[in-house]
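Structure first, then comments.
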Amino acid sequence: MTRGPLRVALDQGTGPGADPAAALDRLAERARAAADAGARLLVGPEMSLTGYNLDPGLLARLAEPHDGPLSEAVTAIAADTGVAIVHGFPERADGAVYNAVQLVDSNGDRRTYRKTHLFGDLDRGAFSPGAEPVVQADLDGIRVGLLVCYDVEFPEAVRAHALAGTELLLVPTALMLPFTEVAERIVPVRALENQIHLAYVNRCDAEGDLRYAGLSTLVAPDGSETLRAGPGEEFLVGDVDPDALARARREQSYLDDRRPALYRTLTV
């Protein structure tokens, strides 16, 4: 069966910190803009509904279950616009708080991923690490997967997705200056070495003592940039070609040419 391209919108911007109501209003406006552009998927930054660089106690108070009021509000926006939405929020579960992202489609189906690699004191002081490395969903016949920010800097995390069949990897992010090499160099390599599409959606504003780098990008399986933002607020729309994976892997497939028996010490 021939699959058509999936149009994706990247929202490099966020609402005011610690104001979920304002963030939801902004999200509804961006979802309508995505729908008007023909997009079927809208991806925002890490912790997009609450803010990221907040006091851990405040984050704990803002935290909700995966099916709480924030998720219900996003579900209503997705149903109203027909656009699947990836948003970030602090998830409360099992007595812990997780740095989570959730994909909600227009039918109300949800998939939630908890950040597994925590970055420094900022993450470790507020969140528990997730334990599920691969979370996926099918959207218009394309297998999409979820990671968060620092996760993408670990080759194993992205390779696990590629081996599990992820075709489009979505990475909401809050990458701060001066670490622009992650967005500019590491992310394209992750797409190329796994021969998958990768959408890396970063913040671009200031929050407390952090200044975020922007530079969101959608990278194709051959490592070429389909979309690339600058350092300021942008709303980008581009197409993901599902056949590009097969083309990239036709002459040389890194996945097929692997020799797993040689790599056992990498898990020690």
Side-chain angles (χ1 to χ4, degrees), residues 11-28 30-31 42-78 84-105 108-135 137 145-153 157 170-176 199-212 216:
D11 180 19
Q12 181 170 284
T14 56
D19 191 347
L24 287 169
D25 288 343
R26 186 183 184 282
L27 180 63
R30 291 298 189 271
L42 170 63
V43 186
E46 181 178 6
M47 299 291 289
S48 58
L49 294 187
T50 61
Y52 172 60
N53 185 27
L54 302 177
D55 178 80
L58 176 57
L59 280 170
R61 291 193 295 274
L62 292 171
E64 294 186 0
H66 73 95
D67 56 355
L70 287 177
S71 180
E72 290 293 341
V74 176
T75 299
I77 295 170
I85 297 171
V86 174
H87 63 281
F89 71 108
E91 181 196 5
R92 180 178 298 283
D94 304 321
V97 176
Y98 299 94
N99 183 332
V101 295
Q102 186 174 86
L103 188 155
V104 180
D105 69 20
D109 294 328
R110 304 183 183 107
R111 295 290 289 153
T112 305
Y113 169 78
R114 300 165 177 171
K115 188 176 185 179
T116 54
H117 299 84
L118 300 183
F119 180 79
D121 293 338
L122 184 58
D123 264 347
R124 298 187 187 107
F127 304 111
S128 296
E132 187 175 5
V134 176
V135 173
L146 300 169
L147 290 179
V148 178
C149 196
Y150 193 39
D151 291 328
V152 81
E153 299 178 43
L170 310 174
V171 189
T173 299
L175 176 76
M176 65 285 293
Y200 183 84
V201 187
N202 192 28
R203 293 185 61 146
C204 62
D205 57 347
E207 190 181 36
D209 59 350
L210 298 183
R211 176 65 178 156
Y212 298 107
S216 299

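Closest approach of Gly125 and Pro56 over heavy atoms only: O-CB, 3.5 Å. Pairing each heavy atom of Leu210 with each of Leu122, the nearest pair is CD1-CD2, 3.8 Å. Heavy atoms only, all atoms of each residue included: Ala131 and Thr116 are closest at N-CG2, 4.3 Å. Nearest approach of Ala84 to Leu103, heavy atoms of both residues: CB-CD2, 4.5 Å.
Judged by distance alone, the side chain of Asp55 and the main-chain N or O of Gly57 form a donor-acceptor pair under 3.5 Å. Counting only distance, with no hydrogens or angles, the side chain of Arg211 and the backbone of Cys204 share a donor-acceptor pair below 3.5 Å. Remark: the backbone N or O of Cys149 is not paired with any side-chain donor or acceptor of Glu46 at under 3.5 angstrom. Asp151 contributes a side-chain N or O that, together with a main-chain N or O of Val148, makes up a donor-acceptor pair within less than 3.5 Å.
The aromatic rings of Phe127 and Tyr52 sit parallel to each other, their planes meeting at less than 30°, with 60° as the upper class boundary.
Within the 4.5 Å cutoff, side-chain heavy atoms of His66 are placed close to those of Glu91. The shortest side-chain heavy-atom distance between Tyr200 and Leu175 falls under the 4.5 Å cut-off. Proximity of Pro90 to Met47: side-chain heavy atoms (C-beta onward) are separated by under 4.5 Å at one or more points. Thr75 is not listed as a side-chain neighbour of Asp67, based on a closest heavy-atom distance of 4.5 Å or more.
Contact check on Arg110 versus Glu72 returns a salt bridge, with a Lys/Arg side-chain nitrogen under 4.0 Å from an Asp/Glu carboxylate oxygen. A salt bridge between Arg26 and Asp11 is present, with a side-chain N of the basic residue lying under 4.0 Å from a carboxylate O of the acidic one.
When ring centroids are compared, Phe119 and His117 stay outside the 6.0 Å threshold.
A side-chain donor-acceptor contact under 3.5 Å links Gln102 and Ser71.
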Check the pair Gln12 / Asn202 against side-chain hydrogen bond (donor to acceptor under 3.5 Å, both in side chains), numbers first and verdict last. CA-CA 6 Å; Gln12 181 170 284; Asn202 192 28; 5.8 Å; no

Going through the distances and angles, do Tyr212 and Glu207 end up as a side-chain hydrogen bond (donor to acceptor under 3.5 Å, both in side chains)? CA-CA 8 Å; Tyr212 298 107; Glu207 190 181 36; 2.5 Å; yes

Would Thr173 and Arg203 count as a side-chain contact (heavy atoms from CB on, under 4.5 Å) if you check the C-alpha gap in whole Å, the side-chain angles of each, and the deciding distance to 0.1 Å? CA-CA 7 Å; Thr173 299; Arg203 293 185 61 146; over 6 Å; no

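To the nearest 0.5 angstrom, Leu59 atom CG is 4.5 Å from Leu54 atom CG.
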